[in-house]
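The structure under discussion appears below in the form of C-alpha cells.
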There are 2 protein chains.
Amino acid sequence: MTRSSDQNAPREGLREHKRRETLRRITDAGMCLFIEKGYEATTLDEIAAKAGISRRTFFYYFKSKDDILLSLQNGMGDMLVAALREEPQDKRPLHAIRDAILKVCAPIPADDMIAIDRLMRSSEAVQARKQASYIQHEKALFAALRERWPKPERETGLRLVAMMAIGAMRLASDALSREDGKRPFDELLHEAFDALEGEI
Amino acid sequence: MTRSSDQNAPREGLREHKRRETLRRITDAGMCLFIEKGYEATTLDEIAAKAGISRRTFFYYFKSKDDILLSLQNGMGDMLVAALREEPQDKRPLHAIRDAILKVCAPIPADDMIAIDRLMRSSEAVQARKQASYIQHEKALFAALRERWPKPERETGLRLVAMMAIGAMRLASDALSREDGKRPFDELLHEAFDALEGEI
DNA sequence: AAATAATATCGCACTGAGTGTAATTTTCAA
DNA sequence: TTGAAAATTACACTCAGTGCGATATTATTT
C-alpha cells in the first residue's frame with residue numbers, strides 16, 4: 001500500500017489525527033456503555049475492548065475512568081474565561097459572567113446536559129469531582145475578573161461574585177434536570193441571576 | 001477477672017462503648033498515619049494494624065478510606081442545621097446562618113481546621129468529596145430555611161441564601177488556611193459576610 | 001445458668017482501578 | 001534510510017473495596 005493511493009491526506013499530521021480519533025473512540029465507547037449498563041458496572045476492560053485498544057493504552061489517554069465523564073466538564077472553565085474576555089468592558093461583573101455563561105451554554109443541547117447530569121449523579125465519586133470542578137471554574141473566573149478589576153480591595157468581592165455566578169449556574173443546571181428540560185436553560189439562568197439581585 | 005472489680009462500669013452498654021472506642025481508635029490511627037506519611041501513601045492495612053483490628057473490620061466501621069477524613073466534615077451539616085434552629089426568629093436569613101456558623105465553628109481550634117484542610121488538599125478525591133459535602137450542607141440549610149420561610153415564591157431565594165452562606169464559609173475557611181491562621185476564623189467569616197452585603 | 005438471638009470480628013478469595021517497566025511498533029524528521 | 005520520538009502493548013504488581021462464610025462476643029430470653 002503506497003502513500004500515493006491514500007485519498008484522505010492528513011492535514012495536521014497523521015499522529016495528531018490518529019490521536020484525536022482514538023480519543024473520540026474511547027469517549028464514545030465509554031459514554032455508550034455508561035448509558036447502556038451504568039457507570040459503575042462498566043469496566044475499563046470493556047471500554048478498551050469496544051474502543052479497540054488495550055487496557056493499558058486507555059491510561060495513555062485518560063488519567064482515570066472518571067476522566068471520561070469529567071473531560072467534558074473540565075473544558076467548561078476555560079470556555080467561560082474566554083467568553084468573559086469577549087464581554088464589553090462596561091458591564092457589571094455579575095452581568096458579564098451571566099452573559100458569558102449564556103454564550104457558552106447556548107450551543108449545548110438540553111438533552112445532552114440532562115443525560116450527562118444524570119450519569120454523573122449515578123456515581124458518588126464522579127458527582128463529587130463534578131462539584132470540585134465547579135470550584136475550579138470559580139477560581140478561573142476569579143482570576144479573569146481580577147484582570148479587569150485589579151484593585152486589591154475588590155478581591156474578596158470578586159471572589160464572591162465568581163462564587164455567586166457559578167452558584168447561579170449550578171442552580172439553573174439543577175433546575176433543568178429537576179424539571180426534566182420543561183423550561184429552557186437560559187430562562188432558568190436568568191431567573192437564578194434575577195433572584196440573586198433580589199436577595200441580600 | 002470478675003465483673004465486680006471493674007470500676008469503669010459501662011453506662012450505655014458494653015457494646016456501644018466498645019463501638020465508640022474502636023471508632024475512635026481507627027480515626028486516630030488514620031489521622032496519625034495520614035499526617036506522618038501522607039494520605040495516599042497510607043494503606044488500609046497499616047491503619048487496621050495500628051488500630052488493632054483486621055482490614056475487613058475496618059469496612060464494618062467505614063464505607064471507605066476517604067470516610068475517615070470525611071466523617072469529620074459530614075457532621076457539620078447537621079450541626080449547622082441544629083444551630084440555625086436555635087437562632088432567634090426575627091433575624092434575616094443570611095445573618096441567622098452566619099451566626100449559626102460562628103457558633104458551630106467557635107469551639108474548633110484553628111490549628112485543627114488548618115491541619116485537616118491541608119490533609120484534604122493532598123488527595124484530589126478527598127478534596128473533591130469535601131466540595132461535595134459543601135453541597136450537602138447547602139441542601140440541609142435550604143431545608144431548614146424553608147421550614148422557617150415556607151412561602152413557595154421564596155424558594156429560589158432561599159436556595160441562593162444557603163449557597164451564599166456556605167460560600168462565605170468556604171471563603172473564610174480558605175482564607176484561614178491561606179493566611180495560616182494569622183487572623184481568627186470569626187473575623188474572616190464576618191469579613192466574608194460583610195463583603196456579601198456590599199456586593200450585588 | 002443455659003439456650004438463643006443479635007452483633008462484631010475475622011480470614012479468604014475475588015474483582016477492578018491504577019502504576020511501573022520494558023519490549024515492540026508506528027510516525028516523524030534529518 | 002536511519003535514528004529519535006511517540007504510541008501501543010503485555011505482564012506483573014499494589015491497593016481499595018466486596019461477598020461469603022466461619023467464629024467469637026454481647027445481649028436477651030427462658
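Sequence lines set the chain letters: A, B, ... in the order given, protein chains first and strands last, and positions in each chain run from 1.
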Using nucleotides 25-29 of chain D, report all nitrogen or oxygen pairs with the protein that are shorter than 3.5 Å.
residue: D:dT26; atom: OP1; partner: B:Lys18; partner atom: NZ; Å: 2.6
residue: D:dT26; atom: O2; partner: B:Arg15; partner atom: NH2; Å: 2.6
residue: D:dA27; atom: OP1; partner: B:Leu14; partner atom: N; Å: 3.0
residue: D:dA27; atom: OP1; partner: B:Arg15; partner atom: N; Å: 3.1

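- Every side-chain hydrogen bond (donor to acceptor under 3.5 Å, both in side chains) that A:Glu187 has, sequence neighbours left out, goes to A:Arg183.
- When rounded to the nearest whole Å, the span between CD of A:Glu124 and P of D:dA16 equals 18 Å.
- A cation-pi arrangement is present between A:Lys65 and A:Tyr39 under the rule of less than 6.0 angstrom and at most 45 degrees off the ring axis.
- In summary, A:Arg121 and A:Asp174 engage in a salt bridge, as defined by a charged side-chain N under 4.0 Å from a carboxylate O.
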Table please: side-chain donor-acceptor pairs of residues 101-115 of chain A below 3.5 Å, with sequence neighbours left out.
residue: A:Lys103; atom: NZ; partner: A:Glu87; partner atom: OE2; Å: 3.3

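- Comment: A:Arg129 engages A:Asp67 in a salt bridge, judged by a side-chain N to carboxylate O separation of less than 4.0 angstrom.
- The CG atom of B:Leu23 sits 16 Å away from the C1' atom of C:dT7 (whole-angstrom rounding).
- Taking atom CZ of A:Arg19 as the reference point, atom P of C:dT26 lies 18 Å away to the nearest angstrom.
- Electrostatic pairing of B:Glu197 and B:Arg98 does not count as a salt bridge here, judged by no charged N lying under 4.0 Å from a carboxylate O.
- Between A:Arg118 and A:Asp180 there is a salt bridge, with a side-chain nitrogen of the basic residue lying less than 4.0 Å from a carboxylate oxygen of the acidic one.
- Of the residues in residues 55-68 of chain B, B:Arg56, B:Thr57, B:Tyr60, B:Tyr61 come within less than 4.0 Å of DNA chain C through at least one heavy atom, sorted by number.
- Looking at residues two or more places apart in sequence or on another chain, you find a side-chain hydrogen bond (donor to acceptor under 3.5 Å, both in side chains) between B:Lys63 and A:Glu124.
- Shown for residues 27-51 of chain A: no residue has heavy atoms falling under 4.0 angstrom of DNA chain D.
- Electrostatic pairing of A:Glu21 and A:Arg24 counts as a salt bridge here, judged by a charged N lying under 4.0 Å from a carboxylate O.
- A salt bridge is absent between A:Glu46 and A:Arg55; no separation between the charged side-chain nitrogens and carboxylate oxygens falls under 4.0 Å.
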